Each structure stands twice: as C-alpha cells, then as structure tokens.
There are 2 protein chains.
Amino acid sequence: MSARNKPYECGLDAAVDVIGGKWKVLLLWALAERPHRFGELRRGLPKITEKVLTQQLRELEADGIVHRETFPQVPPRVEYSLTEAGRSLNEALAPLGAWGTAHMSHLEATYDQRHPG
Amino acid sequence: MSARNKPYECGLDAAVDVIGGKWKVLLLWALAERPHRFGELRRGLPKITEKVLTQQLRELEADGIVHRETFPQVPPRVEYSLTEAGRSLNEALAPLGAWGTAHMSHLEATYDQRHPG
DNA sequence: CGGTATCCGCAATGATACTG
DNA sequence: CAGTATCATTGCGGATACCG
C-alpha cells in the first residue's frame, strides 16, 4: 500500500496527524520531564490499556519522536525517552499549549459539542 | 466519556482536541488566508462531504474559532472567517507547522504505520 | 515486568438523497 | 447555494486473556 500520493497538504497537517492520537501529547508531556519505564507510563495514565499504550508508543517510535531502550535483564526493563526530534516537537507545541490554557474555560464549555453523548 | 469535571489534563490536551478533527487545520489554513463561502471550502477540500464539512465548521464556530455570517439573499450566501481567537490559534500553530515541514519526508515514510490498511 | 493475541462497541467519517 | 436526513462503514480505542 505504498504509492500513496502526497498524504499531507502541508507540514501542519502532518504534525497534527502525528500527535492526534488520544494519548500522545500526554505521553510527550510525561517523557519531556524524564525518561519513563512502561509501567510508570501506564500508572500515570490510569485509563489507558496496555495494548493502546504499546500502540501509541510504537507509533511515536516509528515517527522518530520516542526512543525505546530495552535492558536484557530479569525482570525485563524498558525505558522510553524523547529523541532530539521529540524534544523539538515538544518545543513547537509550547505555544499551542499556552493557547489552550488561555482558552481553557471556553474549551471546557464546548467539550460536549465535540464529544456528544 | 461524557461531561466530566475536568475533561483536560492541560491546555495542550484541550488544544489538540479542538484541532484534532480530520479537516480542521486545513479549514483554519484556508480561512486564515481570507474568508470563504461554504462552496469555496468544499471545492478546496475535494474529498470532504457536505455533512462533515458542516459538522467541523459548527464545532469550530462553537469553539469560538470561526465566525459564521449569513446574508439573507437569494441565492443564500454564508461566509466563514476567523475570529480573534482563531487568528491567535493560527499563530500558535505556526511552530508546529514548521516542525512538520522540517520532518515531512520522515512523516510521509511512517504514514502507513499510523494508517494501516 | 512488559508485553501479544483476540474480540468488539461505538463514535467519527462517508455516500447518497432530499430541501429551503 | 447551503445546507439536512438517512443509512452504511470503519477503525480507534478498549476489555480480557495469555506469554517470555
């Protein structure tokens, strides 16, 4: 299924696709603070399942945002950290975070229109 | 997940939710250039359906990003433009767009992992 | 501990037809 | 021209069970 012509209209389109996953910005935020082990991340996002956490981390890894390092020991240990691209992405997201914070009260009020039910 | 007390963990979380719709950043991009009529937007995004375009515009309107103005004429005419919040959101998105542009070639290569099938 | 392997509900998206 | 209305699709995110 390659041969797809130009999936994105512009860089912004691509960037939103990368961080659009339900948990990705929260993972980015956690990993920006410091590297985390799998279990730490899972406990930090209490409502995420192991499958989904794995999926999101694997996608971020493929996108070059997250670095995954396994330590061959018993019990197994895996650490996730940000790559250089991940750190620069995080910086690029700072203004957006500030915008969201500034408009938070209104965005909470309109939450139900974006998530009916 | 319907209405909770605190739907968002942080401002970034909220902002991504607002622009996370499949077409929203493209609409923002078009409207930042100049106001557009409904049909102009539809022709600019050839693959969007009228129903989805209406939905996304209504959500952006509720979020205070987009201003909708109807002219009571025959044939009917409706113009969409950015509000002040919309313009500031657009500015906040600029670094993210630059990041996406800089990493575009890699993001195109990993497109299939985010969109299997 | 850090994952896979299945199964699945449901909201988001889409196609088509119709309307003021 | 600018939308609704209705029905179909699909794939994300989740629940649960099992593995090295």
Side-chain angles (χ1 to χ4, degrees), chain A residues 1 7 13 16-27 30-31 35-62 66-81 111-117, chain B residues 1-4 7 13 16-27 30-31 35-63 66-81 111-117:
Chain A
M1 249 327 210
D13 197 7
V16 168
D17 193 32
V18 167
I19 62 165
K22 187 170 181 179
W23 306 95
K24 288 187 180 175
V25 299
L26 295 177
L27 292 174
L31 294 178
H36 281 69
R37 300 181 60 174
F38 185 88
E40 287 179 318
L41 291 171
R42 184 181 39 173
R43 285 188 294 277
L45 294 306
K47 299 208 161 59
I48 198 172
T49 64
E50 292 161 350
K51 187 195 77 167
V52 174
L53 178 55
T54 300
Q55 277 179 356
Q56 308 258 309
L57 286 169
R58 288 287 194 279
E59 287 186 8
L60 289 172
E61 189 191 357
V66 156
H67 172 67
R68 176 179 184 267
E69 184 165 13
T70 64
F71 300 84
Q73 31 181 58
V74 177
R77 170 182 175 163
V78 179
E79 269 202 1
Y80 295 90
S81 55
Y111 178 88
D112 288 340
Q113 268 128 16
R114 288 188 300 281
H115 304 271
Chain B
M1 2 201 239
S2 11
R4 311 183 312 212
D13 197 7
V16 168
D17 193 32
V18 167
I19 61 165
K22 188 171 182 178
W23 306 95
K24 288 188 180 175
V25 299
L26 295 178
L27 292 174
L31 294 178
H36 281 68
R37 299 181 61 173
F38 185 86
E40 288 181 317
L41 291 171
R42 185 182 39 174
R43 284 188 295 277
L45 293 310
K47 298 206 160 57
I48 198 172
T49 64
E50 292 161 349
K51 189 194 74 169
V52 174
L53 177 55
T54 299
Q55 278 178 356
Q56 307 261 307
L57 285 170
R58 289 286 195 279
E59 287 185 9
L60 290 172
E61 188 191 358
D63 289 330
V66 157
H67 173 66
R68 177 180 185 267
E69 184 165 12
T70 65
F71 299 85
Q73 323 174 336
V74 177
R77 169 182 176 164
V78 178
E79 269 202 1
Y80 294 90
S81 56
Y111 178 89
D112 288 341
Q113 269 128 15
R114 287 189 300 283
H115 305 270

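Everything numeric in this text was worked out from a predicted model, so none of it was measured. Every chain is numbered from 1 and lettered A, B, ... according to where its sequence line falls, protein lines coming before strand lines.
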Find the distance between CD1 (B:Ile48) and CG (B:Leu26) and round it off to the nearest 0.5 Å. 8.5 Å
Distance in Å, A:Leu45 CG paired with A:Leu27 CG, rounded so as to fall on 0.5 Å steps: 5.5 Å
Under the side-chain contact (heavy atoms from CB on, under 4.5 Å) test, which residues partner B:Gln55, sequence neighbours left out? B:Lys51
Interatomic distance, B:Leu53 CG vs C:dT13 P [rounded to whole Å]: 13 Å
When the distance from CZ of B:Arg114 to P of D:dC12 is rounded to whole Å, what number comes out? 12 Å
Please check the phosphate of D:dG3 (OP1 and OP2 only) for any side-chain N or O of B:Arg68 closer than 4.0 Å. yes
Grab the CD-P distance between A:Glu50 and C:dC7 for me, whole Å please. 19 Å
Does C:dG2 have its OP1 or OP2 closer than 4.0 Å to a side-chain nitrogen or oxygen of A:Arg58? no
CD on A:Glu40 to CG on A:Leu31, rounded to 0.5 Å: 10.0 Å
OP1, OP2 of D:dC1 versus side-chain N and O of B:Tyr80: anything below 4.0 Å? no
Which nucleotide in C:dG14, D:dG14, D:dG3 has an atom nearest any side-chain atom of A:Lys51: D:dG14
How many Å lie between NZ on A:Lys47 and P on D:dT16, as a whole number? 15 Å
Among D:dG14, C:dG14, C:dG2, the one nearest A:Arg77 by side-chain distance: C:dG2
Where the side chain of A:Phe38 is defined as all heavy atoms beyond and including C-beta, which of D:dG13, C:dT13, C:dG2 is the nearest nucleotide? C:dG2
Atom pair distance, as rounded to whole Å: CG in B:Leu57 and P in C:dT13: 13 Å
For the side chain of B:Arg37, counting heavy atoms from C-beta on, which of C:dA12, D:dC1, C:dG3 is nearest? D:dC1
Side-chain N,O (A:Trp23) to OP1/OP2 (D:dG14) below 4.0 Å: yes
CD of B:Glu61 versus C1' of D:dG3: gap in Å, rounded? 13 Å
Closest listed nucleotide, where the reference is the side chain of B:Val52 and the choices are C:dC1, D:dA2, C:dT13: C:dT13
Measure from the side-chain heavy atoms of A:Pro76 and tell me the nearest of C:dG2, D:dG14, D:dC1. C:dG2
Quick one: is A:Gln56 getting a side-chain N or O under 4.0 Å of the D:dC12 phosphate, OP1 or OP2? no
Roughly how far, to the nearest 0.5 Å, is CD of A:Glu50 from CZ of A:Arg42? 4.5 Å
A:Leu41 atom CG is separated from C:dG3 atom P, nearest whole Å, by 10 Å
Can you tell me the distance, in whole Å, between the CZ atom of A:Phe71 and the C1' atom of C:dG2? 14 Å
